[in-house]
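These notes concern the structure reproduced below.
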Amino acid sequence: MKFIVLTLFPEMFESYFNSSILKRAIGTKKIEIQFINFRDYTKDKYHRADTPPIGGGAGLILKCQPIIDALNTVSSPVTHKIILTPRGEKYTQAKAIELAKNYDEILIMCGHYEGIDERVYPYFDEEISIGDFILTGGEAAAICLIDSVARLIDGVISKESIQEESFSNSLLEYPQFTEPYDFNGSTVPDILYSGNHEAINKWRKKESLKMTKNKRPDLYEAYNFSKSDLKLLKELDSNETPKREASAIEKGHKFIKKKD
């Protein structure tokens, strides 16, 4: 997938995309990122891409001419054009999946200063907001969008890593643990050492439901519960270890004892 970013500050992206998973994805050509400084397209004799708003007001507004000329130069009929703005649709994991699935080339416009000339918006296919807060510029938002879409591209990370993470099934992910077994009196749940993967998966789903209910009640209320989910919720309400888990822990106890 190719990402094209229209920005006044391409240097802000350098360190982020030159490290870790995304650097590897660029190196293996799973993704391509092109940065366009739309100031290069201005016809202003002072090389300005911004100006005070007509009618008065605070701050500076990005001019339409350099943005549109840059856009017309670098986009093609297959380019899906996104403008990052507080008035856009709130960004979600579902939107990231949609973008990764449906487009091979995405162009992202980063706003800055107090706003953008209104005449720019009709040139874009979609308006997106990453949340109900204001940033000094759209560069940080563009990084979030590119990262969230790029990691869904085949081969960027393992499919297993994506399948059970938060928001992939409208729930938060279950708790994860590492060694040591006991850290300052806080221990890893014994079920995870049982070796019974069916029991572990049900425990994880139950913990996922509990986590979502406690941390994100909005997601919990909107979730479509299956019959299996409802049984797990009854187990949570009873606050008792079900026979399934007790049996798995008992059978795997020799592995747990090694952690004592």
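Reckoned from all heavy atoms, side chains included, excluding hydrogens, waters and symmetry mates. Keep in mind it's a predicted model, so treat the numbers as computed, not measured. We number each residue from 1, following the sequence as shown.
Residues in residues 33-62 take part in these salt bridge (charged side-chain N to carboxylate O under 4.0 Å, His left out) pairs, two or more places apart or across chains: Lys43-Asp69, Asp44-Arg48, Asp44-Lys63. The side chain to side chain donor-acceptor pair (under 3.5 Å) contacts involving residues 24-36 comprise Lys2-Gln34, where partners must be two or more places apart or lie in separate chains. Within the structure, every pair that satisfies the ring-ring contact (aromatic ring centres under 6.0 Å, His included) test and touches residues 197-220, not counting sequence neighbours, is listed here: Tyr220-Phe225. Applying the ring-ring contact (aromatic ring centres under 6.0 Å, His included) test to every pair with at least one member in residues 111-157, sequence neighbours left out, gives these pairs: Phe9-His112. Listed by first then second residue, pairs satisfying salt bridge (charged side-chain N to carboxylate O under 4.0 Å, His left out) with a partner in residues 191-200 read Glu198-Lys202, not counting sequence neighbours. Note on residues 183-196: no pairs pass salt bridge (charged side-chain N to carboxylate O under 4.0 Å, His left out), not counting sequence neighbours.
Annotation: side chain of Leu171 is in contact with side chain of Lys205 (closest heavy-atom distance under 4.5 Å). By the 4.5 Å heavy-atom criterion applied to side chains, Met211 and Pro175 are counted as neighbours. A heavy-atom distance below 4.5 Å is found between the side chains of Ile130 and Leu135. Proximity of Ser194 to Ile200: side-chain heavy atoms (C-beta onward) are separated by under 4.5 Å at one or more points. Here the side chains of Glu126 and Glu89 are in contact, with some heavy-atom distance below 4.5 Å.
Partners of Lys81 by salt bridge (Lys or Arg N to Asp or Glu O under 4.0 Å), not counting sequence neighbours, listed by chain and number: Asp125. Not counting sequence neighbours, Glu240 has no partner by the salt bridge (Lys or Arg N to Asp or Glu O under 4.0 Å) test. Listed by chain and residue number, Glu207 satisfy the salt bridge (Lys or Arg N to Asp or Glu O under 4.0 Å) test with Lys210 (two or more places apart in sequence, or in another chain). With sequence neighbours left out, Ile143 forms a side-chain contact (heavy atoms from CB on, under 4.5 Å) with Phe13, Tyr16, Phe17. Every salt bridge (Lys or Arg N to Asp or Glu O under 4.0 Å) that Glu235 has, sequence neighbours left out, goes to Lys206, Arg244. In terms of the ring-ring contact (aromatic ring centres under 6.0 Å, His included) criterion, residue partners of Tyr103 (sequence neighbours excluded) are, by chain and number, His80.
Surrounding CG of Asp104 are at most 12 heavy atoms belonging to other residues, nucleotides or ligands under 6.0 Å away. Atom CD1 of Ile54 sits in a sparse spot, with 12 or fewer heavy atoms from other residues, nucleotides or ligands closer than 6.0 Å. Around atom CG of Asn224, no more than 12 heavy atoms belonging to other residues, nucleotides or ligands sit under 6.0 Å away.
Ser208 places no side-chain N or O within 3.5 Å of a backbone atom of Arg204 that could act as its donor or acceptor partner. Asp229 places a side-chain N or O within 3.5 Å of a backbone atom of Ser226 that can act as its donor or acceptor partner. Between the side chain of Ser186 and the backbone N or O of Phe183, no donor-acceptor pair lies under 3.5 Å. Side-chain atoms of Ser20 do not come within 3.5 Å of backbone N or O of Leu22 as any donor-acceptor pair. Side-chain atoms of Thr212 come within 3.5 Å of backbone N or O of Leu172 as a donor-acceptor pair.
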Practice task
Check the pair Ile83 / Ile128 against side chain to side chain contact (heavy atoms under 4.5 Å, CB included), numbers first and verdict last.
Solution key: CA-CA 6 Å; Ile83 187 166; Ile128 286 179; over 6 Å; no
Handout entry: Intermediate values then yes/no, side chain to side chain contact (heavy atoms under 4.5 Å, CB included), Ile191 and Glu245
Key = CA-CA 7 Å; Ile191 186 66; Glu245 286 181 27; 4.3 Å; yes
Exercise for the section: Check the pair Leu62, Met109 against side chain to side chain contact (heavy atoms under 4.5 Å, CB included), reporting the backbone distance first and the verdict last. Expected result: CA-CA 11 Å; Leu62 291 176; Met109 167 65 200; 4.0 Å; yes
Exercise for the section: Determine, stepwise, if the pair Thr7 / Ile36 fulfils side chain to side chain contact (heavy atoms under 4.5 Å, CB included). Expected result: CA-CA 6 Å; Thr7 173; Ile36 304 295; over 6 Å; no
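Hydrophobic clustering of Ile, Leu, Val, Met, Phe, Trp and Tyr side chains at less than 4.5 Å, counting indirect connections, keeps Ile61 apart from Ile67. At a threshold of 4.5 Å between side-chain heavy atoms, the hydrophobic network of Ile, Leu, Val, Met, Phe, Trp and Tyr places Tyr181 and Phe177 in one connected group. Cluster membership check: Leu236 shares its hydrophobic cluster with Leu230, using side-chain heavy-atom separations under 4.5 Å among Ile, Leu, Val, Met, Phe, Trp and Tyr.
Of the residues Ile68, Leu71, Val74, Leu6, the one that meets the side chain to side chain contact (heavy atoms under 4.5 Å, CB included) test with Tyr41 is Val74.
Side-chain polar atoms of Ser15 and Asn18 form no donor-acceptor pair below 3.5 angstrom. Using modelled atom types and a 3.5 Å distance limit, the side chains of Glu127 and Thr85 yield no donor-acceptor pair.
Rounded to the nearest 0.5 Å, atoms OG1 (Thr79) and CD1 (Ile106) are 10.0 Å apart. Rounding to the nearest 0.5 angstrom, the gap separating the SG atom in Cys110 from the CG atom in Leu8 is 9.0 Å. A distance of 8.5 Å separates CG in Asp147 from CD1 in Ile31, rounded to the nearest 0.5 Å.
The pair Lys101-Glu98 does not count as a salt bridge, with every side-chain nitrogen at least 4.0 angstrom from each carboxylate oxygen.
What you find for Glu105 and Ser76 is that their closest heavy atoms are OE2-OG, 3.7 Å. The nearest pair of heavy atoms linking Val149 to Ala96 is CG2-O, 4.0 Å. Taking each heavy atom of Ser148 and Arg151 in turn, the nearest pair found is O-CG, 3.4 Å. The two residues Leu152 and Ala100 come nearest to each other via the heavy atoms CB-CB, 3.8 Å. Of all the heavy atoms in Leu84 and Ile108, the pair that sits closest is CD1-CG2, 3.5 Å. Counting all heavy atoms, side chain and backbone alike, Ser129 lies closest to Gly88 at CB-O, 3.7 Å.
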